[in-house]
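Here is the structure we will look at, set down as structure tokens.
Here is the naming used below: chain letters follow the sequence lines, and residue numbers restart at 1 for every chain.
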Amino acid sequence: MHSKLLFLVLLLLMPLVHAAPTVVTKDDPVLEKRVMDLSTHLRCLVCQNQTIADSNAELAVDLKNQVREKLRQGQSEQEILDYMVKRYGEFVLFSPLVKSTTWLLWFGPLLLLVVGLGVLFAVLRQRRKMMQRAPALSADDHARAASLLSGKEGEGHS
Amino acid sequence: MNRFLLPLGVFIVLVIFLWMGLSLNPREVPSPLINKVAPTFRLPQLHDSAKTIGPEDLRGKVWLLNVWSSWCVTCRQEHPLLVELGRQNLVPIYGLNYKDNRDDGLALLKSSGDPYVLSAYDREGNVGIDWGVYGVPETFVIDKSGLIRHKFIGALTPEIIQSKLIPLIKELNGA
């Protein structure tokens with residue numbers, strides 16, 4: 001009984017053990033916030049679909065330390081981004097810059113939407129024209145259609 | 001017939017782009033430092049922490065900076081090639097021992113041979129970041145005026161050394 005209780009207590013304590021190392025106790029929460037904010041704009045180059053804020057890869061940790069160090073030295077956010085771009089290229093920016101080579105990337109989806117709407121309206125208009133051009137039904141046709149619908153005319157394809 | 005041509009055309013263009021995409025390596029991020037002045041540093045030497053080394057000491061020479069570490073498996077694969085290249089005396093190879101333990105680094109050089117004229121010891125990896133290093137190994141080619149002329153990302157291979165590295169060094173030395 002005792003050992004079962006002990007086991008249960010230990011089991012319940014497990015999350016604490018796991019959580020302990022991730023608790024960050026940094027002396028300056030304002031600086032830490034700036035580091036994290038800026039880090040969300042920088043791509044982790046070894047885990048390319050993550051920002052360095054999300055990543056615990058060694059390079060990401062190093063880059064965060066660099067960001068922290070430079071902020072501490074009084075550099076502005078833009079200066080640090082410029083530094084990173086000079087070292088690692090524009091790819092290091094998590095959202096690509098808006099410039100002539102990235103216009104297609106930024107506005108391509110909008111372009112597709114406009115083209116899609118254009119095609120949709122063209123097709124709808126053509127269809128309406130076809131409906132208008134379709135010959136009106138004669139009285140005989142109406143009578144036959146009515147009988148078909150009521151199911152009295154048993155012959156045919158059924 | 002005609003109404004199939006447009007979707008078919010779109011499909012073919014798509015296939016061509018996807019096909020091209022297959023041969024691209026997303027891990028290779030081109031360095032913006034190419035044809036720029038090599039970032040300066042002053043680091044202790046691996047063998048002798050009392051002495052330092054920096055790019056300024058190497059002005060007027062074509063040289064290689066090979067970023068390596070004892071914990072890096074790919075570096076170990078590359079290592080014999082560097083030793084061989086060092087023996088040929090075509091170009092001085094300098095090492096940047098990146099985020100390594102000094103003793104581990106020295107032990108590797110002792111057991112596998114030391115291709116480097118000197119290795120700089122970058123314990124914290126800050127010089128690495130300054131040079132845009134995001135994985136080891138990386139090899140930079142620096143020309144006589146101190147410009148970075150090429151960066152090889154990942155391990156060098158015999159093919160790369162023969163077809164790219166050696167011709168580039170000959171060209172830079174001739175100029």
Side-chain angles (χ1 to χ4, degrees), chain A residues 35 38-39 42-52 55-73 75 79-94 96-97 99 101-102 104-105 108 111-112 115-116 118-120 122-123 126-127 130, chain B residues 2-3 6-7 9-10 13-14 17 20-21 24-41 55 65 67-75 96-101 122-138 140 147-148 150-151 153-154:
Chain A
V35 170
L38 194 54
S39 298
L42 291 168
R43 183 188 304 278
C44 170
L45 288 147
V46 285
C47 34
Q48 296 183 349
N49 289 329
Q50 281 184 304
T51 66
I52 61 171
S55 171
N56 280 324
E58 206 166 329
L59 182 73
V61 174
D62 287 352
L63 286 177
K64 270 183 278 194
N65 288 337
Q66 281 271 322
V67 168
R68 183 177 301 115
E69 202 45 50
K70 284 177 190 300
L71 283 174
R72 209 174 265 154
Q73 288 165 10
Q75 294 193 20
E79 278 173 324
I80 296 171
L81 288 179
D82 288 347
Y83 168 86
M84 291 296 176
V85 169
K86 244 188 224 161
R87 281 352 186 234
Y88 290 101
E90 268 170 27
F91 187 62
V92 81
L93 299 176
F94 204 66
L97 296 173
K99 54 178 198 173
T101 49
T102 57
L104 196 63
L105 186 67
L111 190 75
L112 281 180
V115 169
V119 169
L120 179 69
V123 167
Q126 208 178 11
R127 187 173 291 176
M130 269 165 66
Chain B
N2 219 351
R3 70 199 187 103
L6 185 67
V10 170
V13 169
L14 200 66
F17 273 100
M20 276 161 46
L24 295 177
N25 182 358
R27 299 227 152 250
E28 276 201 18
V29 183
S31 173
L33 289 168
I34 304 301
N35 294 327
K36 301 268 166 61
V37 178
T40 184
F41 61 81
L65 184 72
V67 186
W68 67 281
S69 201
S70 67
W71 46 258
C72 148
V73 179
T74 323
C75 303
L96 181 69
N97 185 227
Y98 178 70
K99 301 195 69 171
D100 205 355
N101 199 320
D122 186 17
R123 177 77 196 91
E124 304 303 324
N126 288 337
V127 170
I129 288 178
D130 228 19
W131 281 59
V133 171
Y134 64 91
V136 268
E138 289 184 8
F140 296 85
L147 301 182
I148 294 179
H150 199 85
K151 169 178 168 178
I153 296 161

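- For Phe91(A), the part lying under 4.5 angstrom from a heavy atom of chain B is the side chain only.
- Neither the backbone nor the side chain of Val92(A) comes within contact range of chain B, judged by heavy atoms closer than 4.5 Å.
- No more than 12 heavy atoms of other residues, nucleotides or ligands sit less than 6.0 Å from atom CG of Leu104(A).
- Within the 4.5 angstrom heavy-atom criterion, atoms from both the backbone and the side chain of Leu45(A) approach chain B.
- For a residue to count as touching a neighbouring chain, one of its non-hydrogen atoms must lie under 4.5 Å from one of that chain's; by this rule Lys99(B) touches chain A with the side chain only.
- Using modelled atom types, one side-chain atom of Tyr88(A) and one backbone atom of Val133(B) make a donor-acceptor pair closer than 3.5 Å.
- Lys70(A) has no carboxylate O lying under 4.0 Å from a charged side-chain N of Glu79(A), or vice versa, which leaves the two without a salt bridge.
- Taking a 6.0 Å sphere around NZ of Lys86(A), one finds it holds 12 or fewer heavy atoms contributed by other residues, nucleotides or ligands.
- Nearest heavy-atom pair across Asp122(B) and Leu96(B) is CB-CD1, 3.9 Å.
- Options Val29(B), Asp130(B), Asn126(B) differ in how many heavy-atom pairs under 4.5 Å they form with chain A, and the most are formed by Asp130(B).
- Chosen from Glu58(A), Gln66(A), Met84(A), the residue pairing most often with chain B at heavy-atom distances under 4.5 Å is Gln66(A).
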